[in-house]
Each structure stands twice: as C-alpha cells, then as structure tokens.
Asks: 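Before I ask anything, here is the structure I am working with.
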Amino acid sequence: MIAGIDVGVKRSYIAIIEDDKVVYTGIFDDCKEDFRFAGIDAPLSFPAEGYFRECERKLHRMGIRLLPPRFIEKIALRGMEIARELESRGVRVYEVYPFATRVILGIAPKANKKKEMKEIIKDLRRFIDVRDVNDHNIIDAIISALTVKLYIEGRGEIIEGKDGSILIPKPL
C-alpha cells in the first residue's frame, strides 16, 4: 500500500491507495494503516542558498509554479517531522508536489483546488478509483499517493538537486 500525505500546520491528511483504488482517507495522526511507501506534499529540505532549491528551479523551468520553502516554513518543518517518523518505521518517503502531478498528467491543471474539486476528481478517475471527495486536502493526499504509485511502476522520475529532490510523474 502507498500513502499520500497532505501536510498542514494544524492537521495533516492521509490517503492510502492499493492497486488502483483509494482504500483509506482521514487525518494522518488517526491512521493505523500500514504502508510501505509515502509521498509527502511538503518541502523536505530548505534551499542551500536563495529562495528556491535547485529541484524547484528545475520545476520552474518546466512551467510549474510553487512557493519557496521558507514561505511555508511551518509546513516544511512538519513535513520533515512526518518523514523522520515514517522512515523510522521503515517507510520509503518521497517529497511530492500534487500541483506538478496535475499539470504533467492533465488533471484539471487550471482548476482551483478549493472551488473546482469535482473537475479535479473527474480527471483523477482516469488514473485511480476514487469516490467523491469534498476536501481539497484529501484530494492532494490522493494525488500524492498516485505520484508515488506511478514512480514505482516506472512512470515517474525524481528531479534532483544539491539541496533536495521532488518526485514527479513522467508525461503521458
């Protein structure tokens, strides 16, 4: 099973997928499910210099916008804490960015994730069996898990940098 985690300052959300189906969604701290891989939607490192990490500058060149890690420092620190916790349990952890996955795979890339969730879910169903979800955090968690699933299947790549890396899907 593969988990996707949408990190928040006060609450983090988790979705777990198995094969091509979402099998669990909820609050990360309440989850008792076992999984071997996790995609975390939060920066898991800070830039060596400047605002952006090298991997983020590479995403910018691909036309994918994002916030600098220091602008979302509390989320990044919580993501790093979650990553350490999961790694101590033997889980293989990857940093992911659901918006990048949406852009690369054409999952309603122009839709507002808070206002146009139905459009995102409709496109997401091309890749995974998902019921209606009415929380954008859970949608990001599902997309995070999907990104890791695609990578494990050989349909993803890691954008490396000297100060961090981000897992993204390969274009269709």
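These numbers were taken from a predicted model, which means no experiment stands behind them.
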Asks: Between the side chain of D6 and the main-chain N/O of I138, is any donor-acceptor distance below 3.5 Å?
Replies: no
Asks: Does the side chain of V96 come within less than 4.5 Å of V148's, by heavy atoms?
Replies: yes
Asks: Are I158 and L105 connected into the same hydrophobic cluster when the rule is that any two of I, L, V, M, F, W, Y join if their side-chain heavy atoms are below 4.5 Å apart?
Replies: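 Yes, it is one cluster - the side chains of L105 and I158 are joined through contacts under 4.5 Å.
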Asks: Return yes when atom CZ of R65 has more than 12 non-hydrogen atoms of other residues, nucleotides or ligands closer than 6.0 Å, and no otherwise.
Replies: no
Asks: Is the positively charged end of R70 above the ring of F46, judged by distance under 6.0 angstrom from the centroid and angle within 45° of the axis?
Replies: yes
Asks: With a 3.5 Å distance limit and no angle check, can you tell me whether E116 reaches the backbone of N112 through a side-chain donor-acceptor pair?
Replies: yes
Asks: Hey, does R125 have a side-chain heavy atom less than 4.5 Å from the side chain of I121?
Replies: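 The answer is yes; the side chains approach within 4.5 Å.
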Asks: Between I5 and Y13, is there a side-chain heavy-atom distance shorter than 4.5 Å?
Replies: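 A side-chain contact under 4.5 Å is absent here.
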Asks: Which atom pairs, one a donor and one an acceptor, fall under 3.5 Å between side chains of residues 19-40 and the rest of the protein, sequence neighbours left out?
Replies:
residue, atom, partner, partner atom, Å
D20, OD1, K149, NZ, 2.8
D29, OD1, R78, NH2, 3.3

Asks: Atom OH of Y151 and atom CD of E157: how far apart are they, to the nearest 0.5 Å?
Replies: 10.0 Å
Asks: Would a single hydrophobic cluster contain both F71 and I75, if residues Ile, Leu, Val, Met, Phe, Trp and Tyr are joined by side-chain heavy-atom contacts under 4.5 Å?
Replies: no
Asks: Please determine whether a side-chain nitrogen of the Lys or Arg among K113 and E119 lies less than 4.0 Å from a carboxylate oxygen of the Asp or Glu.
Replies: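 Salt bridge between K113 and E119, a charged N being under 4.0 Å from a carboxylate O: no.
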Asks: Indicate the atoms forming the closest heavy-atom contact of G164 with S45, along with that distance.
Replies: CA-OG, 3.5 Å
Asks: At what distance, to the nearest 0.5 angstrom, does OG of S165 lie from OH of Y94?
Replies: 9.5 Å
Asks: Is there a side chain to side chain contact (heavy atoms under 4.5 Å, CB included) between E49 and K162 once you walk through the steps?
Replies: CA-CA 11 Å; E49 58 191 7; K162 65 182 177 194; 3.6 Å; yes
Asks: Going from CG on L77 to CD1 on I82, what distance comes out if it is rounded to the nearest 0.5 angstrom?
Replies: 11.5 Å
Asks: Might you point out which heavy atoms bring P169 and L150 nearest each other, and give the distance in Å?
Replies: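 Smallest heavy-atom distance, with atoms named: CB-CD1, 3.9 Å.
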Asks: Indicate yes or no: at least one non-hydrogen side-chain atom of L124 is less than 4.5 angstrom from one of L146.
Replies: yes
Asks: Got a donor-acceptor contact below 3.5 angstrom from the E18 side chain to the M1 backbone?
Replies: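 Checking the backbone N and O of M1 against the side chain of E18, no donor-acceptor pair under 3.5 Å is found.
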Asks: For I14 versus A3, what's the shortest heavy-atom pair and its separation?
Replies: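 Where I14 meets A3 most closely, the heavy atoms are CD1-CB, 3.9 Å.
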Asks: At their closest point, which heavy atom of S12 faces which heavy atom of V7, and how far apart are they?
Replies: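 So the two residues come closest at OG-CA, 3.5 Å.
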Asks: Determine, stepwise, if the pair I64 / I104 fulfils side chain to side chain contact (heavy atoms under 4.5 Å, CB included).
Replies: CA-CA 9 Å; I64 298 169; I104 293 165; 4.0 Å; yes
Asks: Would you say the side chain of V133 lies within less than 4.5 Å of the side chain of I142, judging by non-hydrogen atoms?
Replies: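 Yes, side chains in contact.
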Asks: If I compare all heavy atoms of A76 with all of P69, which pair ends up nearest, and what's the gap?
Replies: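 Closest approach of A76 to P69: CB-O, 4.4 Å.
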Asks: Hey, is CZ on R131 packed in by over 12 heavy atoms from elsewhere, all under 6.0 Å?
Replies: no
Asks: With the 4.5 Å side-chain cut-off for hydrophobic clustering, are L67 and F52 part of the same group?
Replies: no
Asks: Drop me the distance from I139's CD1 to I143's CD1, to the nearest 0.5 angstrom.
Replies: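 Taking CD1 in I139 and CD1 in I143, the distance rounds to 7.0 Å.
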Asks: Answer yes if I16 and I152 sit in the same cluster of Ile, Leu, Val, Met, Phe, Trp and Tyr residues linked by side chain heavy atoms under 4.5 Å apart, and no otherwise.
Replies: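 No, it is not one cluster - the side chains of I16 and I152 are not joined through contacts under 4.5 Å.
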Asks: Which pair of non-hydrogen atoms, one from D123 and one from G106, has the smallest distance, and what is that distance?
Replies: OD2-O, 3.4 Å
Asks: Given the rule that I, L, V, M, F, W and Y join up when any side-chain heavy atoms are under 4.5 Å apart, are I159 and L44 in one cluster?
Replies: no
Asks: So, taking the atom named CD1 in I168 and the one named OG1 in T101, what distance separates them when rounded to the nearest 0.5 Å?
Replies: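 Between atom CD1 of I168 and atom OG1 of T101 there are 8.0 Å.
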Asks: Stepwise, does the side chain to side chain contact (heavy atoms under 4.5 Å, CB included) test hold for Y97 with T147?
Replies: CA-CA 9 Å; Y97 182 40; T147 305; over 6 Å; no
Asks: Can you tell me how far the CD1 atom of I17 sits from the CD1 atom of I2, to the nearest 0.5 Å?
Replies: 5.0 Å
Asks: Set out, in order, the CA-CA distance, both residues' side-chain angles and the distance that settles side chain to side chain contact (heavy atoms under 4.5 Å, CB included) for R53 and I166, then state yes or no.
Replies: CA-CA 10 Å; R53 298 174 295 163; I166 300 175; 3.8 Å; yes
Asks: When you measure from the side chain of K58 to the backbone of E160, do you find a donor-acceptor pair of N or O atoms at a distance under 3.5 Å?
Replies: yes
